[in-house]
Amino acid sequence: MSVIGPSCNLPSEASSPGCGCGSTAEPGGGKAAGTAVATAVVAAACAACCVLPFTLPAVVLASAGSLIAVLDHAHGLMTKLSIAVVLCAWAWIVWRSRRTGLKIRSSVLAAMSVATVLTTTAALWPVMEPTVFHALGVAKKPKPPAG
């Protein structure tokens, strides 16, 4: 009897393990893993090339539609804010000009005139809208009465 453990025998057949050695496994899993990774990458590329052109326009249009809906509800508040900003800008420009005694530059007058025209158009849009749509030949459904 051995104190260390069972004695080690030499292998008698080619398939039996040697002294203290387990059977060695063949490294075949690496090729399968590489094939699986390559297949996943190719599937992701095909999905991006085939599915993305169909889904991306729908996502962009839905996002743009929701943004337009939000801006439509904010029209009144933004118009009032724009009017206040333009009036304050005109007041500040005139005040600075009188205080310093300098002439107002033509580029500032042009920019402020454009801002005034755009703000006036935005403020009068609810009144101008039916006439503009009729002139363009665009039919707009009338809003149903509230209540």
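Please read these numbers as outputs of a predicted model, since none were measured by experiment. The figures that follow rest on heavy atoms only: side chains count, while hydrogens, waters and symmetry mates do not.
The hydrophobic cluster containing Phe133 does not contain Val127, counting ILVMFWY residues as joined when their side-chain heavy atoms lie under 4.5 angstrom apart, directly or transitively. Both Val86 and Leu109 are assigned to one and the same hydrophobic cluster, defined by single-linkage of ILVMFWY side chains at heavy-atom distances under 4.5 Å. The hydrophobic clustering, which links ILVMFWY residues whose side-chain heavy atoms are closer than 4.5 Å, places Ile93 and Leu102 apart.
Residues forming a side-chain contact (heavy atoms from CB on, under 4.5 Å) with Ile83 (at least two apart in sequence, or on another chain): Thr79, Leu87, Thr119, Ala123. Checked against side-chain contact (heavy atoms from CB on, under 4.5 Å), Leu77 has no partners two or more places apart in sequence or in another chain. Legend: residues meeting side chain to side chain donor-acceptor pair (under 3.5 Å) with Trp90, ordered by chain and number and at least two apart, are Thr116.
Taken to the nearest 0.5 Å, the CG atom of Leu124 stands 12.5 Å off from the CD atom of Glu129.
Closest approach of Met112 and Ala89 over heavy atoms only: CE-CB, 3.5 Å.
Distance alone, capped at 3.5 Å, is enough to place a donor-acceptor pair between the Thr100 side chain and the Arg96 backbone.
Side-chain contact check for Arg105 versus Val108: some heavy-atom pair is nearer than 4.5 Å.
Surrounding NE2 of His134 are at most 12 heavy atoms belonging to other residues, nucleotides or ligands under 6.0 Å away.
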